[in-house]
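Each chain gets a letter, A, B and so on, in the order its sequence line appears, and its residues count up from 1.
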Amino acid sequence: MTVTPAQQLTRLVQDWIDQNLPEAPSGSVVQPCNDPRFGHYQSNVAMAAAKVLKKKPREIASSLLEHCQEADFIETSEIAGPGFVNFTFKQACLEAACATIAGDPHLGIRIEKHPRTIVVDFSAPNVAKEMHVGHIRSTILGDCIARILTARGHHVIRDNHIGDWGTQFGKLILGYKAQGKPEFPESESLAMMQQLYQTTHQACEGNAQKMDAARQELKKLQAGNKENLEIWKLFRDRSQSAFDSVYQRLSVKFDHTLGESFYNPWLKSTVDELTQRGIATESEGAKVVFFQEEELKEHPFLIEKSDGAALYATTDLATLKYRIDEWQADELIYVTDGRQQLHFQQLFSTAKRWGLDAECRHIWFGAILGENKKPLKTREGNPIRLKDLLDEAEQRALAILREKRADLADSKARQMARVIGIGSLKYADLSQNRNLDYVFDWDKLLAFDGNTAPYLLNAYVRTQSILKKADTITDLSNVRFQLHLPHEQMLSRQLLEYGSLVDQVTKEYRPHLLCGYLYEVASMFHKFFEHCPVLKAETDDLKESRLAMCQLSGKVLKHGLGLLGIETLEQM
RNA sequence: GCGCCCGUAGCUCAGCUGGAUAGAGCAUCAGUUUCCGGAACUGAGGGUCACAGGUUCGAAUCCUGUCGGGCGUACCA
């Protein structure tokens, strides 16, 4: 495991706490100074402990200071203000740490010694419906979480739980037959299916006869009628290929696409078992799980309708069991919007009582709203198709590229526009706190200025460009880093934080922290680039050191963007 | 009614397991190019952190209450 001065300090201070303040409140042990005047790192434990121990904070601080006196990686340490202890690291240690990180294929990211099997459930579009902007967050966020967990060494299973079974198929099949089973052209099949649903839905509205016919078609499908099953399969296959083209453009992959229909065989046994065990009971004609927990007391979990039909909850329970039994999952992660929080509380609580032993997490995100501040709805108005959003992103990127790089060949420009456009879209979503709602806005989602993907991509391009230019030097693996100027010191310390930052992101599943970090890296690199001559450095040693700094910055940027699911370019 | 989320600069947002003078981007204004890629860099203005109490050496951050907004709350997913 790579050890940076900051990690060494953390251990040193933690040791002191364990020996002297076992009863001290747990919290952050050390943290980077927010003002460089104070030093590199600071510890506030003395002040926090003073309250508990009823001693003077500065007395406690001086004991800590004494403990740290011997450490060979500390240049200076001092008590300041009410009891802060500020540390400055030895330059040589920072330089050595840079070399270590640069030689580490994981760039300081901690690899789990005991990897877990983690299922990430995300995206989940519905068959026969266009993917719209509402799917973007689950898809991008879920993909990002899966990438980060994979990088940490976990065994990750990506599962797309598509909505391929439900009451809408009655109307769809009815309409499809009524229109004489038309051919679906490959590219427009989703639009046609959606149209089919809408016209049939309208026709059924207030028409009891047609409504009943739709119900009959659904019943036949569920009973395994061959003709209806074939129509259903056609719908599903065509939908899947439309989804696949979106996923391909987004570079999102799944290990499984086990939709709701897959769990049909287990629905009945799920309800039976829960009822037999006394977990579910009958109430108002339906089968329901009641909870003891205060926060769930008034919210029964409906697992079978009074007409005997299964529900979302039933499928989710069967799915959860399947993932644990068949895949030996240790942890299950569900990436959906925040409106489903209650559902997942109920689901997890029920699963626990059922004896299903896995750590379950609901990673939820806020809604994307329309201009009226109401969630974008699919029924009324014009939902924005995800496909169109991707097109627009690429087109806008292409327009800017044509302006800035008129020399590029058309195919090359389009390829670059794809990376920039899609990357910007992803970055816009991931860089915001996932719990927040936001109003859909083309300009915001497709911004190319400021804290955006192009800024990071450009920083990366500059790291590569200068390395190419310095072609006389090929091997930087044994370079001794030299940190003389403030900008190279700041950049290096930022780069050394990469591992612990990824650690934090994994803990909280908040990719926006990674975005903020990478933005800082890019910003510091640009400043370093402006203020520290590389190719014209005073000495050859310094030149090599700075080239190595460019290389390391590039590695961290590329790796970090990779965790976000954003590709890099060698030029732009 | 109850539960969850949110309220920080003109706009969009960071910062929230308490820490030193509340930070970015956009927009506005003023600069930088004989120099490694100007999609860059440097600087300026802009704040009652919704409001009111409380906890303490210290509160945007924790607690209580109020106001405002969003979502959820048994047969949709």
Which of these nucleotides, [options], is closest to any side-chain atom of [X]?
X	options	answer
A:Pro300	B:rA40, B:rA74, B:rA77	B:rA74
A:Arg405	B:rC41, B:rG37, B:rA74	B:rG37
A:Met572	B:rA39, B:rA14, B:rG38	B:rA39
A:Leu535	B:rG37, B:rA20, B:rC36	B:rC36
A:Arg339	B:rC76, B:rC6, B:rG72	B:rG72
A:Lys469	B:rG19, B:rC36, B:rC41	B:rC36
A:Lys444	B:rA39, B:rG19, B:rU12	B:rU12
A:Glu530	B:rG37, B:rG38, B:rA20	B:rG38
A:Gln341	B:rC4, B:rG37, B:rA39	B:rC4
A:Asp449	B:rA14, B:rC26, B:rC41	B:rC26

Does [N] have a Watson-Crick or wobble mate here (both distances under 3.5 Å), and if so which one?
N	result
B:rG43	B:rC29
B:rA14	none
B:rU34	none
B:rG3	B:rC71
B:rU56	none

Is there a donor-acceptor contact under 3.5 Å from the side chain of [X] to the main chain of [Y]?
X	Y	value
A:Thr539	A:Leu542	yes
A:Ser306	A:Gly285	no
A:Asn435	A:Phe365	no

Looking for any heavy atom pair under 4.0 Å, which part of the strands does A:Leu436 touch: base, sugar-phosphate only, or nothing?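 Result for A:Leu436 = sugar-phosphate.
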
Heavy atoms under 4.0 Å, any strand shown: does A:Cys532 hit a base, just sugar-phosphate, or nothing?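 A:Cys532: base contact, heavy atoms under 4.0 Å.
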
Quote, to the nearest angstrom, the [atom1] distance that separates [N] from [M].
N	M	atom1	value
B:rG58	B:rG72	C1'	38 Å
B:rC29	B:rU21	P	33 Å
B:rU32	B:rG37	C1'	16 Å
B:rA59	B:rU55	P	12 Å
B:rC36	B:rG43	C1'	24 Å
B:rC11	B:rU48	P	12 Å
B:rU12	B:rG54	P	33 Å
B:rC62	B:rG25	P	27 Å

CD of A:Glu295: more than 12 outside heavy atoms within 6.0 angstrom?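 Count over threshold, so yes.
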
[X] side-chain N/O to [N] phosphate OP1/OP2 under 4.0 Å:
X	N	result
A:Arg434	B:rC5	no
A:Tyr519	B:rC13	no
A:His512	B:rG15	yes
A:Asn435	B:rC6	no

Is the ring pair A:Tyr322/A:Trp266 parallel, tilted or perpendicular, if the boundaries are 30 and 60 degrees?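 Rings of A:Tyr322 and A:Trp266: tilted, 30 to 60°.
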
What is the distance, rounded to the nearest whole Å, between atom [atom1] of [X] and atom [atom2] of [N]?
X	N	atom1	atom2	answer
A:Phe344	B:rC4	CZ	P	19 Å
A:Asp437	B:rU12	CG	C1'	14 Å
A:Leu445	B:rC26	CG	C1'	16 Å

Any N/O donor-acceptor pair, [X] side-chain to [N] base, under 3.5 Å:
X	N	result
A:Ser283	B:rA74	yes
A:Asn86	B:rA20	yes
A:Gln432	B:rA14	no

Under a 4.5 Å cut-off applied to non-hydrogen side-chain atoms, are A:Asn126 and A:Asp164 in contact?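 Result no, sub-4.5 Å side-chain heavy-atom pair not found.
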
Closest-nucleotide mapping onto RNA chain B: is A:Tyr438 or A:Val534 further toward the 5' terminus? I mean the 5' end.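 Its nucleotide being nearer the 5' end, the pick is A:Tyr438.
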
Most 5' of A:His531 and A:Phe84 on RNA chain B, judged by nearest nucleotide: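 Final value for this comparison: A:Phe84.
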
Is it the case that A:Lys297 places NZ or CZ above or below the six-membered ring of A:Phe291, under 6.0 angstrom from the centre and within 45 degrees of the axis?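 Not satisfied by the 6.0 Å and 45° rule.
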
Do you know which of A:Trp364, A:Phe122, A:Tyr509, A:Phe348 makes ring pair (Phe, Tyr, Trp, His ring centres under 6.0 Å) with A:Tyr334?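 Of all the options given, the one that passes is A:Phe348.
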
